[in-house]
Amino acid sequence: MSDVRMQRPEEQEQIVIPDESGEEHLFEVLFSFDVDSTGSSYIVLAPAGAYETDDEEIEVHAFKYEEPEGEDIALFPIESEEEWEMVEELLNTFTADEDEVE
């Protein structure tokens with residue numbers, strides 16, 4: 001995966017995502033990454049405050065995204081198994097890095 005560029009936000013970025021009923025939920029951006037070979041961008045999110053709890057496992061959400069200039073970010077579901085495997089691999093790298101810091 002040499003054509004992947006991973007970015008972690010310097011400050012904790014947050015995104016509001018409405019659910020099917022219109023209720024808004026706040027998420028923190030864990031990291032985002034671009035894949036040069038496909039031209040796609042991906043983002044991994046966790047519910048805001050998830051790291052402040054004593055829970056061992058944190059539910060994370062991953063999306064393909066576009067951020068047109070001057071517009072809000074647009075999130076799209078990840079549908080292919082290949083894309084999910086790539087996201088999982090980077091998530092494992094991210095969590096391993098976080099464990100080393102602690």
Side-chain angles (χ1 to χ4, degrees):
M1 276 200 301
S2 60
D3 64 333
V4 175
R5 293 185 323 277
M6 187 168 144
Q7 304 90 32
R8 294 187 198 185
E10 290 181 24
E11 295 182 22
Q12 194 59 51
E13 292 182 43
Q14 297 185 326
I15 295 176
V16 174
I17 302 175
D19 62 18
E20 301 83 30
S21 63
E23 186 177 338
E24 294 182 340
H25 301 275
L26 186 61
F27 291 87
E28 296 175 353
V29 177
L30 299 179
F31 63 90
S32 60
F33 62 98
D34 303 314
V35 180
D36 292 341
S37 62
T38 64
S40 297
S41 297
Y42 301 86
I43 191 166
V44 179
L45 311 169
Y51 282 105
E52 297 169 8
T53 67
D54 291 334
D55 294 342
E56 288 291 319
E57 292 187 22
I58 296 172
E59 183 179 0
V60 297
H61 305 272
F63 298 93
K64 191 183 284 191
Y65 79 96
E66 294 176 2
E67 198 166 11
E69 197 168 319
E71 296 181 34
D72 289 337
I73 188 171
L75 303 176
F76 304 97
I78 297 173
E79 296 175 350
S80 80
E81 190 65 34
E82 183 179 284
E83 287 177 305
W84 273 116
E85 288 172 5
M86 180 177 46
V87 169
E88 274 187 333
E89 185 176 328
L90 283 169
L91 184 57
N92 290 338
T93 300
F94 176 82
T95 54
D97 289 349
E98 290 294 308
D99 288 343
E100 288 177 13
V101 170
E102 292 177 1

Chemist: Taking Asp19 for its side chain and Ser21 for its backbone only, find out whether a donor-acceptor pair lies under 3.5 Å.
Modeler: yes

Chemist: Hey, could you give me the OG/CD1 distance between Ser32 and Ile73, rounded to the nearest 0.5 Å?
Modeler: 8.0 Å

Chemist: Identify every side-chain donor-acceptor pair in residues 75-82 under 3.5 Å, counting partners at least two apart or on other chains, and give the distances.
Modeler:
from: Ser80; atom 1: OG; to: Glu83; atom 2: N; distance (Å): 3.1
from: Ser80; atom 1: OG; to: Glu83; atom 2: OE1; distance (Å): 3.2

Chemist: Quick one: name the residues clustered hydrophobically with Val16, using the 4.5 Å side-chain heavy-atom rule over I, L, V, M, F, W, Y, and just say none if it's on its own.
Modeler: Leu26

Chemist: Roughly how far, to the nearest 0.5 Å, is the CG atom of Leu90 from the CZ atom of Phe31?
Modeler: 5.5 Å

Chemist: In Å, rounded to the nearest 0.5 Å, how long is the span from CD of Glu89 to CE of Met86?
Modeler: 9.5 Å

Chemist: Partners of His61 by side chain to side chain donor-acceptor pair (under 3.5 Å), sequence neighbours excluded?
Modeler: none

Chemist: Could you tell me which non-hydrogen atom of Leu45 sits nearest to which non-hydrogen atom of Ile15, and how far apart they are?
Modeler: CD2-CD1, 3.9 Å

Chemist: Test of understanding: with side chain to side chain donor-acceptor pair (under 3.5 Å), list the residues that count as partners of Asp72, not counting sequence neighbours.
Modeler: none

Chemist: Tell me, which pairs form a salt bridge (Lys or Arg N to Asp or Glu O under 4.0 Å) where one or both residues lie in residues 20-30, sequence neighbours left out?
Modeler: none

